[in-house]
Amino acid sequence: MTGMRCIIIEDEIHVANHLRYLLGRCNMDITVECIIGSVTQSISWLKANKTDLIFMDIQLEDGSSFSIFDHVQIDTPIIFTTSYDTYALEAFKRNGIAYLLKPIDQEDLEAALHKYSRWFLNNDAFVDLAAIASPFQKRFLVQLPTTLHSVEASEIAFFYVQNKQVFLVTKEGQKYPFDNTLELLEKRLNPDSFFRINRQFIIRRDAISEMHTETRGRVKIITAPQSKDEMIVSIDRAIEFKKWLNL
């Protein structure tokens with residue numbers, strides 16, 4: 001990758017400067033043309049200028065950066081940077097090729113840049129952003145009493161709801177409260193790996209340790225780690241579940 005130009009849309013200058021520092025550590029010829037801190041300034045700049053790549057925070061000082069798209073046509077690929085994991089699906093609808101959670105990891109940043117390089121610098125053919133940008137999340141941010149923790153999708157065994165609270169359970173048996181609904185999670189999880197077996201559980205395929213047939217075509221699931229509540233694939237989902245197992 002040589003001679004790439006980019007801009008950073010970020011309202012926290014220390015965060016923007018840290019991203020610029022991380023970009024400088026990459027073994028690539030990258031020029032940060034400017035740092036823009038608001039929706040209004042971003043609209044003005046993008047109407048008058050072009051760049052190769054945009055790093056875009058989602059929450060800016062004067063609103064959501066998604067509102068920028070209501071005022072200017074953006075054809076440039078975007079790497080979204082945010083402290084929140086709840087906007088991934090929307091981000092990939094908006095030219096997003098990567099979704100980096102803060103604090104940004106050097107390795108994740110370089111992986112996103114190499115993705116850009118493969119698809120936009122080494123390929124003269126038309127690139128369909130929607131086709132190459134997976135709409136499914138790879139990491140989920142959980143809130144601990146005093147810290148935030150990022151959990152890889154591959155580390156998750158299942159999600160379940162209890163008393164209207166959703167919990168994420170890892171393959172190591174760690175349980176975290178998760179601020180979302182199973183309905184929204186169904187849209188954000190890769191359906192090749194996750195399946196909602198009933199109103200209470202979404203499970204990951206490789207967390208299944210045993211399956212037992214029940215009456216009326218239902219299936220009892222045992223995962224590792226095992227849930228304290230019984231996991232039964234509901235009657236209306238049993239056929240679809242069996243098809244999913246054969247994917």
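We count residues from 1, following the sequence as given. This is a predicted model, so every value here is computed, not measured.
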K.L.:
May I ask you to decide if Glu107's main-chain N or O and Asp105's side chain share a donor-acceptor pair within less than 3.5 Å?
P.N.:
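Indeed, once roles are kept as given, a pair shorter than 3.5 Å links the two residues.
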K.L.:
Taking Glu10 for its side chain and Glu12 for its backbone only, find out whether a donor-acceptor pair lies under 3.5 Å.
P.N.:
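A pair under 3.5 Å: yes.
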K.L.:
Within the 4.5 Å heavy-atom criterion, are Leu109 and Arg25 side-chain neighbours or not?
P.N.:
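The answer is no, as the side chains (C-beta and beyond) never meet within the 4.5 Å cut-off.
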K.L.:
Counting only heavy atoms not in Asn49, do more than 12 fall under 6.0 Å of its CG?
P.N.:
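More than 12 heavy atoms, drawn from other residues, nucleotides or ligands, come within 6.0 Å of this atom.
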K.L.:
Work out which heavy atom in Ala224 is nearest to a heavy atom in Ala157; give both atom names and the distance.
P.N.:
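Taking every non-hydrogen atom into account, O-CB, 4.1 Å.
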K.L.:
Can you find a pair of side-chain heavy atoms, one from Asp52 and one from Tyr116, that are under 4.5 Å apart?
P.N.:
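Result yes, sub-4.5 Å side-chain heavy-atom pair found.
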K.L.:
Answer yes or no: is there a side-chain heavy-atom contact under 4.5 Å between Ser193 and Arg204?
P.N.:
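Of all side-chain heavy-atom pairs linking Arg204 with Ser193, at least one is under 4.5 Å.
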K.L.:
Nearest 0.5 Å, what's the CE-SG distance between Met28 and Cys6?
P.N.:
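So the CE of Met28 and the SG of Cys6 are separated by 11.5 Å.
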K.L.:
Let me check something: do Leu53 and Val15 share a hydrophobic cluster, defined by ILVMFWY side-chain heavy atoms less than 4.5 Å apart, either directly or through other members?
P.N.:
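Per the 4.5 Å side-chain linkage, Leu53 and Val15 are not co-clustered.
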K.L.:
Decide yes or no on side-chain contact (heavy atoms from CB on, under 4.5 Å) for Phe201 and Val169, but give the supporting numbers first.
P.N.:
CA-CA 11 Å; Phe201 288 98; Val169 179; over 6 Å; no
K.L.:
Just verifying a value: how many Å separate Ile9 CD1 and Ile54 CD1, rounded to the nearest 0.5 Å?
P.N.:
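Here the rounded value is 5.5 Å.
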K.L.:
Taking the side chain as every heavy atom from C-beta outward, state whether Phe158 and Ile221 have any pair of such atoms under 4.5 Å apart.
P.N.:
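Side chain of Phe158 against side chain of Ile221, heavy atoms only: no contact under 4.5 Å found.
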K.L.:
Does Thr215 offer a backbone N or O that forms a donor-acceptor pair with the side chain of Arg218 under 3.5 Å?
P.N.:
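Yes; judged by distance alone, with no hydrogens or angles, the pair exists.
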K.L.:
Drop me the distance from Ile104's CD1 to Ile79's CD1, to the nearest 0.5 angstrom.
P.N.:
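Going from CD1 on Ile104 over to CD1 on Ile79, the span is 9.0 Å.
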K.L.:
Checking the side chain of Trp45 only, and the main-chain atoms of Ile35 only, is there a donor and an acceptor separated by less than 3.5 Å?
P.N.:
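Between the backbone of Ile35 and the side chain of Trp45 there is no qualifying donor-acceptor contact (under 3.5 Å).
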K.L.:
Out of curiosity, Leu23 CG to Arg20 CZ, how far, rounded to the nearest 0.5 Å?
P.N.:
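Reported value, rounded in 0.5 Å steps: 9.0 Å.
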K.L.:
May I ask you to say whether Glu214 pairs ionically with Lys220, meaning some side-chain N is under 4.0 Å from a carboxylate O?
P.N.:
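Salt bridge between Glu214 and Lys220, a charged N being under 4.0 Å from a carboxylate O: no.
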K.L.:
May I ask you to decide if the ring planes of His149 and Tyr176 are parallel, tilted or perpendicular, using 30° and 60° as cut-offs?
P.N.:
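The rings of His149 and Tyr176 sit tilted, inter-plane angle from 30° to 60°.
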K.L.:
Out of the candidates Asn198, Thr223, Ile208, only one should pair with Met231 under the side-chain contact (heavy atoms from CB on, under 4.5 Å) rule; please name it.
P.N.:
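Only one of Asn198, Thr223, Ile208 forms a side-chain contact (heavy atoms from CB on, under 4.5 Å) with Met231, namely Thr223.
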K.L.:
Taking Ile97's backbone N and O only, do any of them form a donor-acceptor pair with Lys115's side chain (distance below 3.5 Å, no angle check)?
P.N.:
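Yes: the side chain of Lys115 pairs with the backbone of Ile97.
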K.L.:
Give a yes or no on whether the backbone of Val39 and the side-chain of Asp62 come within a donor-acceptor separation of less than 3.5 Å.
P.N.:
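A pair under 3.5 Å: yes.
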K.L.:
Going through the checks in order, is the side-chain contact (heavy atoms from CB on, under 4.5 Å) test met by Ile68 and Met56?
P.N.:
CA-CA 11 Å; Ile68 296 170; Met56 183 180 288; 4.2 Å; yes
K.L.:
Relative to each other, are the rings of Phe140 and Phe159 parallel, tilted or perpendicular (30° and 60° limits)?
P.N.:
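Phe140 and Phe159: perpendicular rings.
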K.L.:
Answer yes or no: is there a donor N or O on one side and an acceptor on the other, between the side chain of Thr170 and the main chain of Glu155, under 3.5 Å?
P.N.:
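No, because the side chain of Thr170 does not come within donor-acceptor range (under 3.5 Å) of the backbone of Glu155.
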K.L.:
Between Glu172 and Ile156, is there a donor-acceptor pair closer than 3.5 Å when you use the side chain of the first and the backbone of the second?
P.N.:
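No; zero donor-acceptor contacts below 3.5 Å.
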K.L.:
Mind listing the closest non-hydrogen atom pair of Ser83 and Leu141 along with its distance?
P.N.:
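Taking Ser83 first and Leu141 second, the nearest heavy atoms are O-CD2, 2.9 Å.
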K.L.:
Any idea which heavy atoms bring Leu113 and Cys26 closest together, and the distance?
P.N.:
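In terms of heavy atoms, the two residues are closest at CD1-SG, 3.7 Å.
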K.L.:
Nearest 0.5 Å, please: how far is CD1 in Ile78 from CD1 in Ile7?
P.N.:
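It comes to 8.5 Å.
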K.L.:
Got more than 12 heavy atoms from elsewhere within 6.0 Å of CD, Glu183?
P.N.:
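Correct, the count exceeds 12.
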K.L.:
Identify whether Leu22 and Leu100 are in the same connected component of the hydrophobic contact network (ILVMFWY, side-chain heavy atoms under 4.5 Å).
P.N.:
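Per the 4.5 Å side-chain linkage, Leu22 and Leu100 are co-clustered.
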K.L.:
Would you kindly confirm whether Ile43 and Ile36 end up in one hydrophobic cluster when ILVMFWY residues are joined by side chain heavy atoms under 4.5 Å apart?
P.N.:
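Same cluster: Ile43 reaches Ile36 through Ile, Leu, Val, Met, Phe, Trp or Tyr contacts under 4.5 Å.
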K.L.:
Hey, does Ser65 have a side-chain heavy atom less than 4.5 Å from the side chain of Ile58?
P.N.:
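A side-chain contact under 4.5 Å exists here.
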K.L.:
Validate the cation-pi geometry between Arg237 and Phe195: distance from NZ or CZ to the six-membered ring centre under 6.0 Å, angle to the ring axis within 45°.
P.N.:
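The answer is yes, since Arg237 meets both limits relative to Phe195.
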K.L.:
For Ser234 and Asp236, test the side chains for any donor-to-acceptor distance below 3.5 angstrom and give the result as yes or no.
P.N.:
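Distance-only check passes for Ser234 and Asp236.
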K.L.:
Linking I/L/V/M/F/W/Y whenever their side-chain heavy atoms sit closer than 4.5 Å, directly or via other members, would Tyr160 and Ile222 fall into one cluster?
P.N.:
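Different clusters: Tyr160 never reaches Ile222 through Ile, Leu, Val, Met, Phe, Trp or Tyr contacts under 4.5 Å.
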K.L.:
Are any side-chain N or O atoms of Lys171 and backbone N or O atoms of Ser154, one a donor and one an acceptor, separated by less than 3.5 Å?
P.N.:
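Yes; at least one donor-acceptor contact below 3.5 Å.
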K.L.:
Does one hydrophobic cluster hold both Leu184 and Phe80, with members joined at side-chain heavy-atom distances below 4.5 Å?
P.N.:
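Cluster IDs for Leu184 and Phe80 differ.
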K.L.:
Within the 4.5 Å heavy-atom criterion, are Val219 and Lys242 side-chain neighbours or not?
P.N.:
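The answer is yes; the side chains approach within 4.5 Å.
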K.L.:
Let's go through Thr82 and Asp57 carefully: what are the C-alpha distance in whole Å and the side-chain angles of both, what is the deciding distance for side-chain contact (heavy atoms from CB on, under 4.5 Å) to 0.1 Å, and is it a yes or a no?
P.N.:
CA-CA 5 Å; Thr82 178; Asp57 187 15; 4.2 Å; yes
K.L.:
Hey, could you give me the CD1/NE2 distance between Ile8 and His18, rounded to the nearest 0.5 Å?
P.N.:
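Those atoms lie 11.0 Å apart.
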K.L.:
Whether the side chain of Arg196 engages the backbone of Arg199 through a donor-acceptor N/O pair (distance < 3.5 Å, no angle test) should be reported.
P.N.:
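Answer holds: yes.
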K.L.:
Is any side-chain heavy atom of Ile197 less than 4.5 Å from a side-chain heavy atom of Trp244?
P.N.:
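Counting from C-beta outward, Ile197 and Trp244 never come under 4.5 Å.
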K.L.:
Does CD1 belonging to Ile239 count more than 12 external heavy atoms closer than 6.0 Å?
P.N.:
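No, CD1 of Ile239 has 12 or fewer neighbouring heavy atoms, counting only those of other groups under 6.0 Å.
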